[in-house]
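The structure appears right after this line, and notes come after that.
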Amino acid sequence: MKKLLLASATGALLAGAASAEEIKLGVILGFTGPIESLTPSMADGAELAMKEVSDSGKLLGGSTVASVRADSTCVDAAAASAAAERLITSEGVKGIMGADCSGVTGAILNNVAVANGVVMVSPSATSPGLSHANNEDNGLFFRTAPSDARQGVVMTEVLMEEGIKEVAVTYTNNDYGKGLADSFQAAFEAAGGSVTINAAHEDGKADYSAEVGALASAGGDRLVVAGYVDQGGSGIVRAAIDSGAFDTFHFPDGMISNKLQENFGDEIEGSTGQHPGTDSPGAAKFNDLVGGAFDATSPFTPESYDAAALILLAMQAAGSSDPAAYKEKIMDVANAPGEQIFPGELGKALDILAGGGDIDYVGATAVELIGSGESAGNYRQIVIDGGKIETAKYR
């Protein structure tokens, strides 16, 4: 206890002694590419947390926070790494909110972040392979999105409850798609289901009739499309509808945005899906805080607010914007014990931390970091009803 009190007192002194600075945070997301319809609101969510902290005047002696955006493309590892290198070496960012897609996130982490000692908190990189990243990353990588190992189980639960016991699966041919497809197949078959085919598709094609032909030949009660709504995933769905191969689908997170209902409307009536989300009190508070400025319920937008908030709160807890110092505090501010902190209460949290107190950041997504620093996992189950994406329940 004495040691804890001394540590708290030291943290408070450091926070009080910190001189005000402009702290730059990188926001690296696929502003172009296969999930570009999702990323504007994700960036807005992260920048809302930054503005809230800046406006409070309570971070590290009155420091302000500036966002510096960069394009991950979602799929081009070289371009994403170059963008991250610019953020760190040219812009001098003290942390990265991102990246988004799993492949580019891993590339940035391995090629840039570790070499430069910069913390990354991803709101949406879900590959199970990233669960082991902290073994090699010097404790620099965290994520507010759950692993697809969890999503595979949730997908299985949804389909089994719908009475769907036999499915065909198509996935985008990258780390995200393959990891999710394999995780789902393992969970679905363990639950007694049958996967008739588990086949990759390439993004960027004009014609997906051959892929859909193979899926149709294998058969299934529903087609699981583990792809991207702004890319091949929608191409697969269009070809399946036009050929009559499938009329209902199951959509994981990369397929769920307003673009899905714009593209297909009631053509996919009765289709199901899920993406990370919660109906916790924090979700309602986040929606109120946004106030219609952007889509607060868009996939990974609440997670983006939480990712940025965790970085800034960890800085306050450490009394420093140096990633080498504050990386050690992210798990502390994210989890109990401490006073629970919700969206709109970041100034309050900064006060508590400056005074040597503890916080339990609940945020917009009921944040609880497990393992080496990833979300335990809550999901919003959706159904296409009347051509619209509607909430069925939360898990």
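Note that the coordinates shown come from a computational prediction; the quantities given were computed from them, not determined experimentally.
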Item to complete: With rounding to the nearest 0.5 Å, note down the distance linking OG in Ser298 to CG in Asn258.
Response: 6.5 Å
Worksheet item: What are the two closest heavy atoms between Ser234 and Val229, and how far apart are they?
Response: OG-O, 2.6 Å
Discussion item. Could you see if Leu48 belongs to whatever hydrophobic cluster contains Ile23? Use Ile, Leu, Val, Met, Phe, Trp, Tyr and a side-chain cutoff under 4.5 Å.
Written reply: yes
Worksheet entry | Side chain Asp221, main chain Ile164, donor-acceptor under 3.5 Å | no
Discussion item. As an exercise, state the distance from CG of Leu109 to CG of Asp137, rounded to the nearest 0.5 Å.
Written reply: 5.0 Å
Worksheet item: Checking Asp71 side chain against Phe31 main chain: does a donor-acceptor pair fall under 3.5 Å?
Response: yes
Worksheet entry | Separation of Ile35 CD1 from Gln231 CD (nearest 0.5 Å) | 11.5 Å
Worksheet item: Looking only at heavy atoms, what is the nearest atom pair of Thr301 and Asp295, with distance?
Response: CG2-O, 3.7 Å
Worksheet entry | Thr297 versus Arg380, closest heavy-atom pair with distance | O-NH1, 4.3 Å
Discussion item. Any heavy-atom pair between the side chains of Asn263 and Arg238 that's under 4.5 Å?
Written reply: no
Practice prompt. Tell me yes or no: between the side chains of Asp253 and Gln274, is some donor less than 3.5 Å from an acceptor?
Written response: no
Response to the item:
The reported gap from CE in Met255 to OG1 in Thr172 (rounded to nearest 0.5 angstrom) is 10.5 Å
Discussion item. Show me the pairs that pass ring pair (Phe, Tyr, Trp, His ring centres under 6.0 Å) and involve residues 41-76, at least two apart or across chains.
Written reply: none
Worksheet item: When Val333 is tested against each of Asp360, Leu369, Leu312, Ile359 for side-chain contact (heavy atoms from CB on, under 4.5 Å), which residue passes?
Response: Ile359
Worksheet entry | Closest contact, heavy atoms only, Gly282 versus Phe342 | CA-CD2, 3.7 Å
Worksheet item: Residues in salt bridge (Lys or Arg N to Asp or Glu O under 4.0 Å) with Glu211, at least two apart?
Response: Lys205
Discussion item. Main chain of Glu202, side chain of Asn173: is a donor-acceptor contact present, judged purely on distance under 3.5 Å?
Written reply: no
Discussion item. Taking the side chain as everything from C-beta on, heavy atoms only, tell me whether Ser183 gets closer than 4.5 Å to Gln151.
Written reply: no
Fill in: Pair Asp44 + Arg69, salt bridge at N-O below 4.0 Å
yes
Worksheet entry | Ion pair Lys94/Glu21, N-O distance below 4.0 Å | no
Item to complete: Mark yes or no for whether Asp266, through its side chain, and Glu269, through its backbone, hold a donor-acceptor pair below 3.5 Å.
Response: no
Item to complete: Using distance alone, with no hydrogens and no angle criterion, decide if Ser209 and Asp207 have a side-chain donor and acceptor under 3.5 Å apart.
Response: yes
Discussion item. Just so I know, are the side chains of Leu87 and Val112 near enough to count as touching, which here means a heavy-atom distance under 4.5 Å?
Written reply: no
Item to complete: For residues Ser56 and Val53, report the shortest heavy-atom separation together with the two atoms involved.
Response: OG-O, 2.7 Å
Worksheet entry | Test item: side-chain donor near acceptor, Asp322 and Ser320, under 3.5 Å | no
Discussion item. For Phe246 and Phe249, take the angle between the two ring planes, folded into 0 to 90°, and tell me which bin it lands in: parallel under 30, tilted 30 to 60, perpendicular over 60.
Written reply: tilted
Discussion item. Donor-acceptor pair, distance only, cut-off 3.5 Å: does the side chain of Glu368 make one with the backbone of Ser375?
Written reply: no
Worksheet entry | Check ion pair Lys388-Glu262 (N to O, under 4.0 angstrom) | no
Item to complete: Keeping the roles fixed (side chain from Ser54, backbone from Met50), state whether a donor-acceptor pair exists under 3.5 Å.
Response: yes
Worksheet item: Taking only residues at least two apart or on different chains, which pairs with a member in residues 184-236 satisfy ring pair (Phe, Tyr, Trp, His ring centres under 6.0 Å)?
Response: Tyr176-Tyr228, Phe184-Phe188
Worksheet entry | Lys165 side chain reached by Ser194 side chain, heavy atoms, under 4.5 Å | no
Discussion item. Using the side-chain contact (heavy atoms from CB on, under 4.5 Å) definition, which of the options Val121, Val119, Val118, Ile96 pairs with Leu140?
Written reply: Val119
Discussion item. Quick one, Val68 and Val27 - any side-chain contact, counting heavy atoms below 4.5 Å?
Written reply: no
Worksheet item: What ring pair (Phe, Tyr, Trp, His ring centres under 6.0 Å) pairs are there with at least one residue in residues 261-292, not counting sequence neighbours?
Response: Phe286-Tyr305
Discussion item. Quick one, Leu313 and Leu346 - any side-chain contact, counting heavy atoms below 4.5 Å?
Written reply: yes
Worksheet item: Are Thr365 and Asp306 close enough that a side-chain donor and a side-chain acceptor fall under 3.5 Å?
Response: yes
Worksheet item: Say you draw a straight line from CG of Asp76 to SG of Cys101; how long is it, rounded to the nearest 0.5 Å?
Response: 12.0 Å
Worksheet item: Any ion pair linking Asp351 and Lys58 (charged N to carboxylate O, less than 4.0 Å)?
Response: yes
Worksheet entry | Where at least one partner belongs to residues 117-126, residue pairs that pass side chain to side chain donor-acceptor pair (under 3.5 Å), sequence neighbours excluded | Thr126-Asp148
Fill in: Donor-acceptor contact below 3.5 Å, side chain Thr39 vs main chain Met42
no
Practice prompt. Would you sort out whether Gln381 and Thr272 count as a side chain to side chain contact (heavy atoms under 4.5 Å, CB included), showing the intermediate values?
Written response: CA-CA 7 Å; Gln381 179 180 330; Thr272 51; 5.6 Å; no
Item to complete: For the pair Thr196 (side chain) and Gly219 (backbone), establish whether a donor and an acceptor sit closer than 3.5 Å, ignoring hydrogens and angles.
Response: yes
Worksheet item: Can you tell me how far the CG atom of Leu223 sits from the OG1 atom of Thr248, to the nearest 0.5 Å?
Response: 8.5 Å
Worksheet item: Can Ser131 and Arg143 be counted as having a side-chain donor-acceptor contact under 3.5 angstrom?
Response: yes
Discussion item. Just so I know, are the side chains of His250 and Val225 near enough to count as touching, which here means a heavy-atom distance under 4.5 Å?
Written reply: no
Fill in: Residue pairs involving residues 357-391 (criterion ring pair (Phe, Tyr, Trp, His ring centres under 6.0 Å); sequence neighbours excluded)
none
Response to the item:
In terms of heavy-atom contacts, Ala49 and Ala309 come closest through CB-N, 4.1 Å
Worksheet item: Are any side-chain N or O atoms of Asp385 and backbone N or O atoms of Glu390, one a donor and one an acceptor, separated by less than 3.5 Å?
Response: no
Discussion item. Apply side chain to side chain contact (heavy atoms under 4.5 Å, CB included) to residues Ile268 and Phe251 and explain how you reach the verdict.
Written reply: CA-CA 11 Å; Ile268 54 172; Phe251 300 116; 3.9 Å; yes
Discussion item. Any non-hydrogen side-chain atom of Thr156 less than 4.5 Å from a side-chain atom of Val153?
Written reply: no
Item to complete: Would you mind checking if Glu166 and Arg222 are paired as a salt bridge, meaning a charged N to carboxylate O distance below 4.0 Å?
Response: no
Fill in: Short side-chain to backbone donor-acceptor contact, Asn110 and Gly106, under 3.5 Å
yes
